[in-house]
**Q** 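Shown below is the structure under consideration.
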Amino acid sequence: MMTDIYENLTLCINEIRKKTDMIPETAIVLGSGLNQYSTYIQNACIINYGELSNFPVSTNKMHHGRFIFGYVDKKPVVAMDGRIHYYEGYSIEQVVMPIRLMKMLGAETLILSNAAGGINETFQVGDFMIITDQISSLVPSPLIGPNMDALGCRFPDMSHIYDSQLIWAIKNCAENLGIDMKEGIYLQTSGPNYESPAEIRFYRSIGADAVGMSTACEAVAAVHCGFKVCGISCITNKAAGISNTPLSDEEVAVVAGKSSENFCRLMDSVIRQI
């Protein structure tokens, strides 16, 4: 299975190279409601996931499902305008295919973003959280099965998933822009259902500050293949049991949309600095 995936990644790279020969330095994953940043990328070459052979496509209405190759302040980047989720019915290996593809295309730094529920009761809706660590034990590891030796080692160290220098860069950029940044641990569930209040109490007890349905498995795959990784969560709602408001994807979209301007300012500054 892993061999098949690697061969398919190679095929997809060949297909992409027929449309662009740009070698990105930075890869970006734009989370739910945060895709406005795609308009900041100049001289864009857009490739829909569906144009690539045997490549998973996004089914979530908030995710366009396309790669955007272009430039930010003359720096070459590739952005995922929409990600693949485990709850869409794909295997975990398929979920992280875009991450591996961007690394094989030449990117060295990965910026992950997402919409998340706030577990830490000091967080407010609309806050941004720098991800300092993660809990991914509730979804399968994307490294299960035969190892792809061409990408990374069999037993990669996960002591420092989120790069300390990149965390510092985000903090510095946020401070200069006057954007308040929280810090915390992100926990991924499988979704698509939101969590129960009892689950949220459990997640808080094991150290989680925010919860969502993506990102952590991508970060594991990214570290495995040699990316320097950083992550930003937009707190779009308070997790179940903390607020009496029923959770919905409409709320996520509205809050992320309102936070989008600051997110774009922050992303632009971070990419220019790193």
Side-chain angles (χ1 to χ4, degrees), residues 29-35 56 58-63 82-96 99 112-144 158 161-162 180-221 229 231-260 263:
V29 181
L30 298 174
S32 298
L34 301 174
N35 63 322
S58 300
T59 62
N60 184 313
K61 63 185 179 182
M62 286 189 280
H63 294 258
R83 55 164 41 97
I84 310 300
H85 297 85
Y86 187 51
Y87 64 69
E88 294 176 86
Y90 293 112
S91 70
I92 201 72
E93 294 85 4
Q94 289 174 301
V95 170
V96 301
I99 304 299
L112 297 166
S113 69
N114 60 50
I119 295 176
N120 188 318
E121 296 193 60
T122 67
F123 290 178
Q124 300 301 316
V125 171
D127 281 347
F128 290 109
M129 182 191 85
I130 301 172
I131 304 176
T132 56
D133 205 348
Q134 67 179 41
I135 300 169
S136 61
S137 304
L138 300 174
V139 292
S141 169
L143 309 183
I144 290 173
M158 294 289 156
I161 296 174
Y162 296 92
D180 181 41
M181 292 295 294
K182 310 299 185 186
E183 297 180 35
I185 296 170
Y186 176 89
L187 181 147
Q188 179 180 353
T189 66
S190 67
N193 55 287
Y194 289 103
E195 308 76 30
S196 71
E199 288 169 332
I200 292 301
R201 291 194 296 271
F202 169 60
Y203 299 156
R204 183 188 296 118
S205 75
I206 61 174
D209 295 289
V211 60
M213 304 172 191
S214 68
T215 304
C217 62
E218 298 166 343
V220 169
V229 182
I232 301 170
S233 293
C234 177
I235 305 301
T236 52
N237 57 273
K238 294 194 174 187
I242 299 175
S243 169
N244 293 325
T245 304
L247 304 181
S248 70
D249 58 343
E250 287 82 6
E251 179 187 15
V252 169
V254 168
V255 174
K258 290 180 179 178
S259 303
S260 187
F263 175 76

**Q** Within the distance-only criterion (no hydrogens, no angle test), does the side chain of Q134 pair as donor or acceptor with the backbone N or O of A216 below 3.5 angstrom?
**A** yes
**Q** In terms of side-chain heavy atoms, does T215 have a donor or acceptor partner in N114 at a distance below 3.5 Å?
**A**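 The answer is yes; a qualifying pair exists.
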**Q** Any non-hydrogen side-chain atom of K238 less than 4.5 Å from a side-chain atom of V125?
**A** yes
**Q** Output the distance between atom CD1 (I200) and atom OH (Y194), rounded to the nearest 0.5 Å.
**A**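 Atom-to-atom, I200:CD1 and Y194:OH are 11.5 Å apart.
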**Q** Tell me whether S260 contacts the main-chain N or O of L34 through its side chain, where contact means a donor paired with an acceptor under 3.5 Å.
**A** no
**Q** Is there a side-chain contact between Q94 and I84, using heavy atoms and a 4.5 Å cut-off?
**A**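 Q94 does not reach I84 side chain to side chain.
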**Q** Side-chain contact, heavy-atom cut-off 4.5 Å: F202 with L187?
**A**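 No - every pair of side-chain heavy atoms lies 4.5 Å or more apart.
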**Q** Looking at every heavy atom in both G184 and D209, which two are closest together, and how far apart are they?
**A** CA-OD2, 3.2 Å
**Q** Quickly, which of P192, S214, P142, S190 forms a side chain to side chain contact (heavy atoms under 4.5 Å, CB included) with Y86? Name it, please.
**A**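 Only one of P192, S214, P142, S190 forms a side chain to side chain contact (heavy atoms under 4.5 Å, CB included) with Y86, namely S190.
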**Q** For residues V95 and P56, determine if any side-chain heavy atom of one lies less than 4.5 Å from a side-chain heavy atom of the other.
**A**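 SC-SC contact between V95 and P56 ruled out.
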**Q** Between S58 and G82, what is the shortest heavy-atom contact and its length?
**A**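 Closest approach of S58 to G82: OG-C, 4.1 Å.
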**Q** Taking side chain as C-beta onward, heavy atoms only, is L112 less than 4.5 Å from E218?
**A**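 The answer is yes, as the side chains (C-beta and beyond) meet within the 4.5 Å cut-off.
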**Q** Report yes if the side chains of I119 and E195 come closer than 4.5 Å at any heavy-atom pair, otherwise no.
**A**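 I119 vs E195: side chains apart.
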**Q** Do the side chain of S113 and the main chain of V29 share a donor and acceptor less than 3.5 angstrom apart?
**A** yes
**Q** Among V96, V220, I92, which residue meets the side chain to side chain contact (heavy atoms under 4.5 Å, CB included) test with L143?
**A**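 Testing L143 for a side chain to side chain contact (heavy atoms under 4.5 Å, CB included) against V96, V220, I92 leaves exactly one candidate, V220.
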